[in-house]
Each structure stands twice: as structure tokens, then as C-alpha cells.
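A short write-up of the structure that comes next.
Note that these values count all heavy atoms, side chains included, but never hydrogens, waters or copies made by symmetry. Ligands are counted one by one from 1 in listed order, and the atoms in each one are counted from 1 as well.
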Amino acid sequence: MKTAIVCGAGGFIGGHLVKRLKQEGYWVRGVDLKNNEYSSSIADEFILGDLRDPVVCLNLFDRKINEVYQLAADMGGAGYIFSGNHDADVMHNSALCNINMIKCSQNFGVDKIFYSSSACMYPEYNQLDPDNPKCSEDSAYPAAPDSEYGWEKLFSERLYMSYQRNYNLQVRIARFHNIFGPEGTWDGGKEKAPAALCRKIAKAKDGEAIEIWGDGNQTRSFLYIDECIEGIRKLMNSEFSGPVNLGSEEMVSINQFVDMIAKIANKRILKNHIEGPLGVRGRNSDNALIFEKLKWKPSQSLEIGLANTYFWIQDQIFSNK
Ligand code: NAD
């Protein structure tokens with residue numbers, strides 16, 4: 001039986017990944033600072049532990065571990081990442097998790113390690129035009145991410161790649177582009193735009209206005225969680241190390257995105273544009289490389305995943321009342 005450690009198993013993507021690895025017959029050890037908020041983990045073991053502590057990391061390797069999935073990070077949506085108030089913590093906390101886990105993976109002879117990077121590492125200067133952002137993998141340098149979160153991701157990508165070069169540790173790196181879906185954080189300050197907008201619309205009455213940060217003309221693409229997990233597994237099972245984009249190419253403006261959710265909710269929703277932390281002006285995944293290397297790319301329409309997510313958040317709101 002193959003064995004895997006999922007770091008960040010109490011989080012959104014890590015939680016879904018544990019379920020997938022269990023379905024595939026893995027023995028799974030999850031680790032996180034916290035339990036998953038929305039479902040109890042089906043990992044064979046779930047360790048509540050802080051990956052900034054090297055001893056906690058060391059103790060995870062008491063048996064042969066085939067694969068490590070390093071998803072733990074101090075992260076959140078624009079309200080968390082772009083406010084500037086969490087920069088030191090984001091860099092310090094996430095870098096320590098990565099430094100400790102890659103070192104232990106090398107020391108204990110792990111077969112492969114997956115690292116979740118982010119589209120936030122791409123340079124801001126290529127993402128100023130909302131209609132024509134450039135995020136091909138080879139456009140990463142000269143580096144100029146617009147957040148410390150993006151700089152830490154870039155540093156850690158290089159950290160993982162240097163272990164592969166110097167120690168021949170097999171590394172796989174994906175750059176996620178806005179992953180969304182059920183069981184993602186939807187309130188409390190760390191939620192990302194899809195969950196925040198679903199929550200606002202679920203709480204709004206028909207004909208009411210919701211607040212939107214910026215003019216709503218900023219563009220993004222959003223990838224549904226199931227396709228993200230599929231991409232992680234395909235990359236891990238391939239000979240390709242990456243870094244490679246894992247995102248959707250269906251780019252929408254935030255205003256269009258709100259209209260899509262309002263249609264799903266069957267409500268008339270007005271838009272009140274206010275100031276707020278925004279991030280880059282435009283961003284879209286470029287899937288040429290993933291398709292070339294894996295003969296696969298995400299293909300599900302945004303609307304399908306969005307409906308699942310909206311109704312899950314609506315249930316959360318009304319069952320918590
Ligand atoms: P998440 O916040 O739901 O999960 C991250 C988990 O890491 C959390 O449960 C958190 O408690 C845990 N963690 C943080 N610090 C830790 C520590 N010191 N020790 C142990 N656990 C710790 O986020 P997510 O959306 O599931 O993201 C997973 C990974 O994917 C992260 O590395 C994130 O940067 C990356 N990513 C996510 C997106 C996205 O759209 N969700 C986009 C790009 C990159």
C-alpha cells in the first residue's frame with residue numbers, strides 16, 4: 001500500500017486531496033494546525049501539529065513515506081494577502097513549513113513531493129490589462145509578484161527545484177489559479193472571492209445590492225476543486241516536474257462572475273462598488289504547457305462548479321442560523 005503525508009489536510013484543498021488518496025487506496029497521514037471545519041477527516045491518521053516546528057515534521061516520518069503533498073500555507077483571499085497586514089507572518093510561516101518539509105523528505109528518502117505554488121508568483125507587469133493578461137510559465141522572470149505571498153511562493157518553488165537538482169529528490173510543482181468549491185472557507189476574513197461573493201448573494205434579498213471590491217472589471221479564472229485534485233494526481237503520476245499552471249482558461253470579469261452567481265441564485269442583485277484590496281488587474285491560466293506534458297487540461301465550465309459551491313454555502317449559512 002502506498003503511503004502519503006498531506007500537509008494542510010485540515011484546509012480546503014488538502015481535505016479534498018485526502019479523500020481522493022483514500023479512494024485510490026493510499027494509507028494517508030494528514031497534518032494541520034487545525035481540524036477541517038466542514039467535515040471530519042478520513043485520513044488514517046490526523047496529526048494536529050505545527051509544521052514550523054522541525055521536530056513535528058521529523059516525527060511524521062516514522063515509516064516509509066512514498067509521497068508528500070505540501071499544501072500547508074498561511075494564506076487567504078485578497079482581504080488577507082493584499083492588505084499588507086499579514087506580510088511578515090505569511091512569509092515566515094509558509095517558508096518554515098516548506099523548509100522543514102523538503103528537508104525531512106530528502107532525509108527520509110521520500111519518492112516524490114508535491115508543492116502547491118500559486119499564480120500570485122507571476123509578475124504584476126504582465127497582468128495590467130484585464131483583457132490580455134499573460135501567465136505562461138516562461139513569463140515568471142524577471143520576477144515581480146505584487147504580494148509577499150507571491151514572493152514566498154517563488155522562493156519556495158526555487159527551494160524545491162534546488163533539492164531536485166542537488167539531491168535528486170523528485171519534485172512536482174503546480175501553480176494553482178483560484179481554486180474554489182464546497183468546503184472552502186467562506187467567511188471570517190480568509191475567504192476568497194468566489195466564496196465571499198456566493199455568501200453575499202446568498203444573504204441578499206431579491207433586488208438588493210452587494211458590495212464588490214473595485215470596479216468589478218478586474219478579470220480572473222476560477223478552477224473547480226475536483227479538477228484541481230485531478231490535476232495534482234495527474235502531475236504526481238507523470239514524469240514532468242513543472243512548475244506548471246493548474247487553472248481554468250475561462251476568464252471572466254468580477255462583474256460577470258457576480259451575474260453568474262445571481263442567475264444560479266435566481267435573484268436580481270445590484271452592485272455597489274467600493275474600495276478594497278484587489279490584486280492584479282487581470283489574470284488567466286495559460287494551459288498550453290500542462291496540455292503538452294500531461295495530455296490533459298481542466299475543461300469543466302465555470303457554471304457547473306459555481307452552482308455546487310453556491311448551494312453548499314447557502315446550506316452552510318442557513319443551517320448555522
Ligand atoms: P487553506 O487555508 O484552506 O489550507 C491551508 C492549510 O494549511 C490550513 O488548514 C492551515 O491551518 C494549514 N497550515 C497553515 N500553517 C500551518 C502550519 N504552520 N502547520 C500546519 N498546518 C498549517 O488553503 P487552500 O485553499 O486549501 O490552499 C492550499 C495550498 O494551495 C496553499 O499552499 C495555498 O497557498 C495554495 N494555493 C491555493 C489557491 C486557492 O485558490 N485556494 C490558489 C493558489 C495556491
Problem - N166: side chain to side chain donor-acceptor pair (under 3.5 Å) partners, not counting sequence neighbours - result: none

Expected list for residues 195-203: side-chain donor-acceptor pairs under 3.5 angstrom, two or more places apart:
residue: R199; atom: NH1; partner: W186; partner atom: O; Å: 3.0
residue: R199; atom: NH1; partner: E191; partner atom: OE2; Å: 2.8
residue: K200; atom: NZ; partner: E211; partner atom: O; Å: 2.9

Problem - Neighbour count above 12 (heavy atom, 6.0 Å) for N266 CG - result: no

Practice task
Would you please write out the protein residues whose heavy atoms approach any atom of ligand 1 to under 4.0 angstrom, listed by chain and number?
Solution key: G8, G10, G11, F12, I13, D32, L33, K34, G49, D50, L51, R52, L71, A72, A73, M75, C97, S116, S117, S118, Y149, K153, F176, N178, I179, K192

Problem - F12 and H16 aromatic ring geometry - parallel, tilted or perpendicular at 30°/60° bounds - result: perpendicular

Practice task
May I ask you to establish whether K103 and Y167 are in a cation-pi arrangement, using a distance under 6.0 Å from NZ or CZ to the six-membered ring centre and at most 45° from the ring axis?
Solution key: yes

Exercise for the section: Would you mind listing every ring-ring contact (aromatic ring centres under 6.0 Å, His included) that reaches into residues 54-88, with sequence neighbours excluded? Expected result: F61-F108, Y80-H86

